[in-house]
Amino acid sequence: TYLDAMLQNFGGRFPTTKDFSIYARSTLKEVTAKEHPDAAVMAWMEREEVLFRTLERHIIAERLTTGFNNDVDGFIDFSLSVQNRRKSRAGRALENHMEVAFIENGIKYSRTTVTERKNKPDFLFPGEQEYRNPDFDPLRLTMLGVKSSCKDRWRQVLTEAERISHKHLMTLETAISTNQTDEMQAKNLQLVLPESLHQTYTPKQQAWLMKVGDFMELVCARQSQSIL
């Protein structure tokens with residue numbers, strides 16, 4: 001349905017992830033993160049995935065039609081570029097949509113601020129200025145890492161903001177093992193997922209998981225305290 005419009009808007013090429021996320025949300029004008037952030041983030045991500053695969057299929061088909069003229073290295077490079085684009089786009093898209101959810105709910109934040117040892121947490125709340133202020137109460141600081149899939153990469157988040165002892169990680173990965181989530185809890189890392197994905201976890205895990213809306217309420221509460 002949207003292929004012709006995307007080809008016209010993007011000139012038959014892949015746009016930046018930010019521009020593509022904006023376009024995906026524009027096709028869901030009725031969706032807002034103000035009242036139902038969990039559902040909104042999932043709707044935006046699912047729509048962007050469908051649109052991206054539609055555009056990707058068209059662009060790749062054209063390249064395959066052209067052929068590689070027995071250029072094996074050229075074919076391998078093209079294949080790797082497709083895979084790498086898929087991996088990096090998904091994570092960036094989730095960051096983009098979470099950022100809009102924060103904006104719609106009036107949450108103050110900084111994105112990819114440089115902290116200790118040149119680490120760059122995806123989101124800091126209320127922001128970089130407060131984080132760098134030694135007099136600002138660290139209990140009012142919040143950090144959110146964003147990874148569409150965790151695997152073993154969740155440990156990277158643990159070192160991204162030393163002033164914040166209890167960290168949060170947003171992901172779309174389903175059914176992470178109990179051993180992994182137990183280790184996360186032991187490392188003071190709280191997992192955040194859209195509500196619809198909680199059912200893929202065990203009842204015990206679900207009692208510990210945090211919804212997107214719950215996380216935003218926590219940040220808003222701390223932000224209100226900092227204003228006071």
Side-chain angles (χ1 to χ4, degrees), residues 1-60 85-112 122-127 142 144-150 168-176 190-201 206 209-224:
T1 304
Y2 292 98
L3 179 58
D4 289 341
M6 288 191 290
L7 293 176
Q8 181 176 356
N9 287 340
F10 306 134
R13 295 184 293 272
F14 289 111
T16 65
T17 307
K18 182 177 181 180
D19 287 341
F20 202 80
S21 294
I22 292 173
Y23 178 78
R25 290 193 300 272
S26 75
T27 67
L28 291 170
K29 297 184 184 299
E30 72 282 2
V31 176
T32 173
K34 184 66 176 177
E35 295 182 358
H36 304 289
D38 289 77
V41 171
M42 282 300 295
W44 290 333
M45 285 297 296
E46 290 171 352
R47 175 57 60 89
E48 179 162 349
E49 180 69 15
V50 170
L51 293 176
F52 176 80
R53 291 305 177 98
T54 300
L55 180 61
E56 180 189 57
R57 189 179 302 112
H58 175 84
I59 293 176
I60 290 178
R85 184 185 298 111
R86 287 182 175 183
K87 292 177 182 178
S88 62
R89 182 203 59 83
R92 290 292 185 184
L94 185 55
E95 289 180 38
N96 293 336
H97 297 313
M98 287 298 295
E99 182 173 30
V100 171
F102 297 142
I103 292 172
E104 290 189 359
N105 285 273
I107 295 175
K108 185 181 177 183
Y109 67 92
S110 292
R111 185 172 175 180
T112 59
D122 295 314
F123 292 98
L124 277 178
F125 309 87
T142 310
L144 179 69
V146 177
K147 296 184 183 301
S148 58
S149 61
C150 280
H168 292 77
L169 174 61
M170 166 77 179
T171 187
L172 300 180
E173 185 162 335
T174 58
I176 296 175
Q190 173 65 57
L191 206 57
V192 181
L193 294 96
E195 183 177 12
S196 61
L197 302 182
H198 286 212
Q199 61 186 350
T200 68
Y201 289 76
Q206 290 182 41
L209 294 174
M210 180 175 278
K211 303 173 187 176
V212 176
D214 293 338
F215 173 78
M216 293 173 66
E217 288 180 5
L218 172 67
V219 174
C220 285
R222 291 179 177 177
Q223 183 170 298
S224 298

On a heavy-atom basis, which atom in Pro15 and which in Leu55 lie closest, and how many Å separate them? CD-CD2, 4.1 Å

So do the side chains of Thr142 and Tyr109 get within less than 4.5 Å of each other, counting heavy atoms only? no

Under 30°, 30 to 60°, or over 60°: which ring-plane class applies to Tyr23 and Tyr2, parallel, tilted or perpendicular? perpendicular

Specify the closest pair of heavy atoms between Ser21 and Ala93, including all atoms of both residues, with the distance to one decimal. OG-CA, 3.8 Å

In terms of heavy-atom contacts, Val41 and Met170 come closest through CG1-CE, 4.2 Å

Could you pull out the closest heavy-atom pair between His198 and Lys211, with the gap in Å? CE1-CG, 3.7 Å

On a heavy-atom basis, the closest approach of Pro37 and Met216 is CB-SD, 3.6 Å

How far apart are the C-alpha atoms of Phe10 and Phe20, what are their side-chain angles, what is the distance that settles it, and do they pass the ring-ring contact (aromatic ring centres under 6.0 Å, His included) test? CA-CA 9 Å; Phe10 306 134; Phe20 202 80; 5.7 Å; yes

Atom OG1 of Thr16 and atom CD1 of Ile22: how far apart are they, to the nearest 0.5 Å? 7.0 Å

Rounded to the nearest 0.5 Å, the CG atom of Asp38 sits from the CG atom of Asp214 at a distance of 7.5 Å

Checking the side chain of Ser149 only, and the main-chain atoms of Glu173 only, is there a donor and an acceptor separated by less than 3.5 Å? no

Are Leu218 and His168 packed together at the side-chain level, in the sense that at least one heavy-atom pair is separated by less than 4.5 angstrom? yes

Approximate separation, where rounding is to 0.5 Å, of Thr32 OG1 and Trp44 CH2: 6.0 Å

How long is the gap from NZ on Lys147 to CG on Leu94, to the nearest 0.5 Å? 11.0 Å

Gap between atom CG of Leu191 and atom CD1 of Ile176 - 0.5 Å precision: 5.0 Å

Side chain to side chain contact (heavy atoms under 4.5 Å, CB included), that's the test. Do Asp122 and Met98 meet it? Break it down for me. CA-CA 10 Å; Asp122 295 314; Met98 287 298 295; over 6 Å; no

Residue among Glu48, Arg111, Met45 satisfying side-chain contact (heavy atoms from CB on, under 4.5 Å) with Asn96: Arg111

Are the side chain of Gln223 and the backbone of Phe125 linked by a donor-acceptor contact shorter than 3.5 Å? no

Spacing of CG belonging to Leu193 relative to SG belonging to Cys150, to within rounding of 0.5 Å: 7.5 Å

Is the side chain of Thr200 donor-acceptor paired with the backbone N or O of Ala175 at a distance under 3.5 Å, no angle test? yes

With a 6.0 Å cut-off on the ring centroids, do Phe123 and Phe215 count as close? no

Six-ring centre of Phe52, Arg89 cation under 6.0 angstrom, axis tolerance 45°: yes

Taking every heavy atom of Met42 against every heavy atom of Pro194, the minimum-distance pair comes out as CG-CB, 3.3 Å

Exam field: side chain Arg47 to backbone Thr27, donor-acceptor pair closer than 3.5 Å: yes

